[in-house]
Protein chains: 2
Amino acid sequence: MRDDGYNVMTSSSGEEGLLLIKENDIDLILLDINLPGIDGLEVCNRIKITKHIPVIFLSCRDQDSDVISGLETGAEDYIRKPFNHRELSLRVKKLLNRYQVQSDLGAIETGFLSIRTDREEVYFNSNKVMLTPVEYKLLEVLGEKLNWVLSWEVLLKEAWGYEEWDGGREMVKVNIRRLRKKIEPNPSQPVYILTERGRGYKLAII
Amino acid sequence: MRDDGYNVMTSSSGEEGLLLIKENDIDLILLDINLPGIDGLEVCNRIKITKHIPVIFLSCRDQDSDVISGLETGAEDYIRKPFNHRELSLRVKKLLNRYQVQSDLGAIETGFLSIRTDREEVYFNSNKVMLTPVEYKLLEVLGEKLNWVLSWEVLLKEAWGYEEWDGGREMVKVNIRRLRKKIEPNPSQPVYILTERGRGYKLAII
DNA sequence: CCGCATTGTTACCATATTGTTACCATATTG
DNA sequence: CAATATGGTAACAATATGGTAACAATGCGG
């Protein structure tokens with residue numbers, strides 16, 4: 001999970017886990033059923049009483065009855081061990097999306113373009129691209145809503161923080177241009193930062 | 001599934017399934033990957049372009065890679081055969097609950113025409129139709145009152161925001177025309193945007 | 001304080017979109 | 001049956017939008 005860019009906390013018993021959940025702002029829980037002390041099902045039950053954090057059970061007990069009771073306690077998903085790393089990763093991503101958690105992973109990937117939000121760095125085809133702060137911010141905003149069309153008003157607000165500014169429209173325009181010059185193979189025929197006339201720009205998924 | 005009280009329709013090929021989906025109001029799809037003709041993944045892809053019906057893959061191919069590609073095409077869940085009846089039942093229930101909440105906020109469907117209000121996109125027969133902002137707005141207004149006849153005054157008010165405007169009547173007329181040119185198979189014999197002489201226009205349900 | 005990178009401003013152009021006008025066919029009205 | 005109103009259609013004009021470059025202002029490190 002850490003490799004995927006998630007910020008991970010672990011605990012080795014139900015009680016410890018519950019404490020962790022109480023004291024932190026948790027987006028998703030991977031829960032084993034076999035636990036010392038309170039078992040996973042019970043932990044899930046207790047969590048679901050107060051919070052609505054998505055829970056994925058992760059267990060080697062692959063008896064059907066376990067899956068069933070796991071889902072019945074309100075878990076969002078259940079994955080049997082041994083599991084494939086990518087499958088887990090995908091199911092987690094899906095759940096986070098559904099729960100509208102702005103999955104603040106450390107990176108946004110789209111084709112050859114990779115935005116490392118943790119380090120504020122952008123790579124094109126594994127080569128680091130030097131962006132100025134404004135350029136970077138603009139790209140990040142686009143990246144956070146991958147494939148969504150964002151109007152210049154939104155971009156101005158998100159990237160600059162200004163609500164209104166007469167030069168704002170031009171500012172966005174010019175900086176989109178600057179970004180394209182640095183990112184796009186051919187700035188005049190953009191592949192990444194696409195424009196939807198009359199609506200805005202979007203960072204395409206490729 | 002029938003025992004659980006669901007209303008079930010089945011089909012034994014991808015094409016047949018897609019047709020079924022097109023012509024009916026489906027809440028959830030259980031999809032096998034191994035299908036004669038188009039395979040399940042492809043079926044899922046096509047569904048996801050226009051509709052947002054939850055899809056659960058159900059397959060005996062329990063290779064991890066299958067699960068992964070299944071989830072990647074946008075399926076909501078994946079269950080490996082042989083599966084336990086209760087597990088399936090629970091996962092279905094869970095998905096339906098989740099989708100009930102936010103379903104159909106984002107789309108207006110009428111036959112082959114689908115208006116994605118969340119993204120301001122229109123699809124005709126799974127192909128994206130490029131509309132200008134005004135055209136889109138006009139269509140959306142019509143779509144919000146599916147099958148209602150809306151006068152040009154109403155359309156003007158709703159789509160443009162103007163109360164009175166001497167050119168308004170012409171404006172509506174011309175833009176209806178423009179819309180038809182883009183949406184209707186035969187713009188001169190409209191099937192979707194129908195006119196009720198003296199009253200206005202309506203977006204037909206088909 | 002200087003020089004340079006960054007940011008903001010302005011201007012111009014091409015073109016897509018929107019608005020206007022005119023004309024025709026046909027339904028409705030008197 | 002003529003007069004009128006309505007809607008379809010196309011062509012044209014006005015406007016808005018986005019691409020582009022060049023230039024001015026600002027801010028920062030040395």
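In what follows, chains carry the letters A, B, and so on, assigned in the order in which the sequence lines appear, proteins first and then strands, with residues in each chain numbered from 1.
Within the structure, the side-chain hydrogen bond (donor to acceptor under 3.5 Å, both in side chains) test picks out the following pairs touching residues 156-174 of chain B (sequence neighbours left out): B:Lys157-B:Glu163, B:Glu170-B:Lys173. Annotation: salt bridge (Lys or Arg N to Asp or Glu O under 4.0 Å) contacts involving residues 183-193 of chain A, sequence neighbours excluded, are absent.
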Nucleotide by nucleotide, nucleotides 13-30 of chain D touches protein heavy atoms under 4.0 Å in the pattern (B base, S sugar-phosphate only, - none) ----BBBBB---------

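When the salt bridge (charged side-chain N to carboxylate O under 4.0 Å, His left out) test is applied to B:Lys181, no partner is found at least two apart in sequence or on another chain. With sequence neighbours excluded, the residues that form a side chain to side chain contact (heavy atoms under 4.5 Å, CB included) with B:Met9 are B:Leu20, B:Asn24, B:Ile26. Here A:Leu35 pairs with A:Leu31, A:Asp32, A:Val43 under the side chain to side chain contact (heavy atoms under 4.5 Å, CB included) rule; sequence neighbours left out. Residues passing the side chain to side chain contact (heavy atoms under 4.5 Å, CB included) test with B:Ile205, sequence neighbours excluded: B:Leu146, B:Asn147. Residues passing the side-chain hydrogen bond (donor to acceptor under 3.5 Å, both in side chains) test with A:Arg86 are B:Glu72, sequence neighbours excluded. With sequence neighbours excluded, the residues that form a side chain to side chain contact (heavy atoms under 4.5 Å, CB included) with B:Lys182 are B:Val129, B:Leu131, B:Thr132, B:Glu135. With sequence neighbours left out, the salt bridge (charged side-chain N to carboxylate O under 4.0 Å, His left out) criterion links A:Glu87 to A:Arg91, B:Arg80.
Protein chain B contacts DNA chain C over a range whose 5' and 3' limits, counting nucleotides with an atom under 4.0 angstrom from a non-hydrogen atom, are C:dT17 to C:dA27.
For DNA chain D, the stems formed by at least three consecutive Watson-Crick or G-U pairs, with both atom-pair distances below 3.5 Å, span C:1-30 with D:1-30.
Each of B:Tyr162 and A:Val134 lies near DNA chain C, and the nucleotide nearest A:Val134 is the one positioned closer to the 5' end.
The aromatic rings of A:Tyr192 and A:Phe124 lie perpendicular to each other, with more than 60° between the two planes, well past the 30° mark.
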